[in-house]
Participant: 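Below: one structure in structure tokens.
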2 protein chains.
Amino acid sequence: MSAESPLDTVADVLSALADPTRRRILDALAARGEATATTLAAQLPVSRQAIVKHLAVLDRAGLVAGHREGREARYTVLPARLGATARRMGRIAADWDGRLSAIKHLSESAPGTGPGTASGVEEPGTADGPGA
Amino acid sequence: MSAESPLDTVADVLSALADPTRRRILDALAARGEATATTLAAQLPVSRQAIVKHLAVLDRAGLVAGHREGREARYTVLPARLGATARRMGRIAADWDGRLSAIKHLSESAPGTGPGTASGVEEPGTADGPGA
DNA sequence: GCGATATGCAACCTGTTGGTTGCGCATCAC
DNA sequence: GTGATGCGCAACCAACAGGTTGCATATCGC
């Protein structure tokens, strides 16, 4: 169910988080700890079906998990992926920072090619598990 | 040009980061330190105009900045916003985590309404400037 | 068993967005 | 001055994503 590479993961998390409605769903979910699509729909300005779709996206991104309880499908928020993504982004920001000053220095001595390939947002740098 | 509230900012950053091409642009930009749309277009599988549009989005999100140099328009990566967003996300993840265990405890003593409103992704919790 | 409630699936509509091409304007090199 | 290079704007396209409605199905309460 969840055997993605960390690269795909970061992309999924980011695009999942990019939608406002999805963020509100996460918000509501975090506030109540657990909720069904129907419950959430009652509290947000969209239909239940829309919520269902969003929950599917969030699930694929590993940000929520759901389990069936009788005739209800309850969802919970999963902090791990979000934390991991946050750390990765922080690392990239730090990397940019370092690279910027490095280049600023190099520009006076070695003009040609700057530093090598970036540890970037797209290609993996350091791998870290989703562990909190 | 850049007088947004930190809330809008986080949304802008996330949706800017959600696009694969945009991430590759940031990557290339971070690697070379500085580049023009034309340069980037030569190295990515999209037209120059597409790059220009993406750079505009990234600029609005505060992730890059550009300055004109003669007939060239050079762009650089800006680490600050990315770092700030990363920290905010980390904080939210921690918040979810705390809330989850709190609820798990409460479920045995006080059933009614759980904790109050979340510090969530959508509504501001703690405000921190874009400073590194 | 029977009605009520909740989920799941599918079709459908519409706005946004990533992308392209074409063209006019400014700037640099000679 | 003139050609080449680079940028900016506008129009246009196609695909996807968010959202809705309708319906069939499973579970709960009595």
Side-chain angles (χ1 to χ4, degrees), chain A residues 1 8-29 32-76 111 121-122, chain B residues 1 8 10-29 32-76 121-122:
Chain A
M1 238 196 243
D8 297 355
T9 297
V10 76
D12 282 348
V13 170
L14 287 174
S15 40
L17 246 35
D19 183 81
T21 306
R22 233 126 53 194
R23 285 194 300 268
R24 294 181 69 180
I25 291 179
L26 286 174
D27 235 5
L29 218 46
R32 347 177 81 223
E34 205 176 52
T36 70
T38 309
T39 302
L40 290 166
Q43 150 177 26
L44 294 177
V46 292
S47 74
R48 189 194 107 241
Q49 287 306 328
I51 304 268
V52 170
K53 284 192 193 175
H54 282 306
L55 283 174
V57 174
L58 292 170
D59 181 55
R60 269 188 359 238
L63 291 171
V64 305
H67 68 282
R68 245 201 132 98
E69 185 113 9
R71 71 177 158 182
E72 293 186 334
R74 301 202 169 146
Y75 283 84
T76 318
V121 193
E122 199 60 16
Chain B
M1 239 189 244
D8 297 355
V10 77
D12 281 348
V13 171
L14 287 173
S15 40
L17 246 36
D19 183 80
T21 306
R22 233 126 53 195
R23 284 194 300 269
R24 294 180 69 180
I25 290 178
L26 286 174
D27 234 5
L29 218 46
R32 346 176 84 225
E34 204 175 53
T36 69
T38 309
T39 303
L40 290 166
Q43 147 176 28
L44 293 176
V46 291
S47 74
R48 190 194 105 239
Q49 286 306 327
I51 303 269
V52 170
K53 285 191 191 175
H54 283 307
L55 283 174
V57 174
L58 292 169
D59 181 55
R60 269 187 358 237
L63 292 170
V64 305
H67 68 282
R68 243 201 133 97
E69 185 115 6
R71 71 177 157 182
E72 293 186 333
R74 302 203 168 143
Y75 283 84
T76 318
V121 194
E122 199 60 15

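Chain letters run A, B, ... following the sequence lines, proteins first and then strands; every chain starts at 1. Everything quoted here is computed from the prediction, not taken from an experiment. Excluded from the calculations below are hydrogen atoms, water molecules and symmetry mates; all remaining heavy atoms, backbone and side chain alike, are included.
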Participant: Quick one: B:Gln49 CD to C:dG22 C1', roughly how many Å, whole number?
Facilitator: 10 Å
Participant: Would you indicate what A:Ala73 reaches in the nucleic acid, counting non-hydrogen atoms under 4.0 angstrom: base, sugar-phosphate, or nothing?
Facilitator: sugar-phosphate
Participant: Would you kindly compare A:Glu69 and A:Ala50 by the position of their nearest DNA chain D nucleotide and give the one closer to the 5′ end?
Facilitator: A:Ala50
Participant: Out of C:dT20, C:dG18, D:dG6, which has the shortest distance to the side chain of B:Glu72?
Facilitator: D:dG6
Participant: Starting from P on D:dG18, measure out to CG on A:Leu58 and report it in whole angstrom.
Facilitator: 10 Å
Participant: Looking at CD of A:Gln43 and CD1 of A:Ile25, how far apart are the two atoms once the value is rounded to the nearest 0.5 Å?
Facilitator: 10.0 Å
Participant: Rounded to whole Å, please give me the gap between CZ in B:Arg74 and C1' in C:dT27.
Facilitator: 14 Å
Participant: May I ask you to evaluate whether A:Ser47 reaches the phosphate of D:dG19, defined as a side-chain N or O under 4.0 Å from OP1 or OP2?
Facilitator: no
Participant: B:Asp12 has an atom CG; how far is it from atom C1' of C:dT16, in whole Å?
Facilitator: 15 Å
Participant: Output the single nucleotide from D:dT20, C:dG18, C:dG19 whose closest atom is nearest the side chain of B:Arg22.
Facilitator: C:dG18
Participant: Which one, C:dG8, D:dG19, C:dG18, comes nearest to the side chain of A:Val46?
Facilitator: D:dG19
Participant: Would you find a donor on one side and an acceptor on the other, under 3.5 Å apart, between the side chain of B:Ser15 and the backbone of B:Ala11?
Facilitator: yes
Participant: Check for a donor-acceptor pair, side chain of B:Arg22 on one end and backbone N or O of B:His54 on the other, with a separation under 3.5 Å.
Facilitator: no
Participant: Tell me whether the count of non-hydrogen atoms from other residues, nucleotides or ligands lying under 6.0 Å of CZ in B:Arg23 goes above 12.
Facilitator: yes
Participant: Starting at OH of A:Tyr75 and ending at C1' of C:dG8, how long is that distance when rounded to a whole Å?
Facilitator: 10 Å
Participant: Does the base of C:dG8 carry an N or O that pairs as donor and acceptor with the side chain of A:Arg71 under 3.5 Å?
Facilitator: no
Participant: Does OP1 or OP2 of D:dG8 have a side-chain N or O of B:Arg68 closer than 4.0 Å?
Facilitator: yes
Participant: May I have the step-by-step check of side-chain contact (heavy atoms from CB on, under 4.5 Å) for A:Thr76 and A:Val64, ending in yes or no?
Facilitator: CA-CA 5 Å; A:Thr76 318; A:Val64 305; over 6 Å; no
Participant: Can you measure B:Leu55 atom CG to C:dG19 atom C1' for me and round it to whole angstrom units?
Facilitator: 15 Å
Participant: Would you say B:Thr21 places a side-chain N or O within less than 4.0 Å of OP1 or OP2 belonging to C:dG19?
Facilitator: yes
Participant: To the nearest Å, how far apart are A:His54 NE2 and D:dC16 C1'?
Facilitator: 14 Å
Participant: Please pick, from D:dC9, C:dG8, D:dG18, the nucleotide with the shortest atom-to-atom distance to any side-chain atom of A:Asp19.
Facilitator: D:dG18
Participant: To the nearest Å, how far apart are A:Ile51 CD1 and C:dC9 P?
Facilitator: 17 Å
Participant: Which listed nucleotide (D:dG8, D:dG18, C:dG18) is nearest to the side chain of A:Lys53?
Facilitator: D:dG18
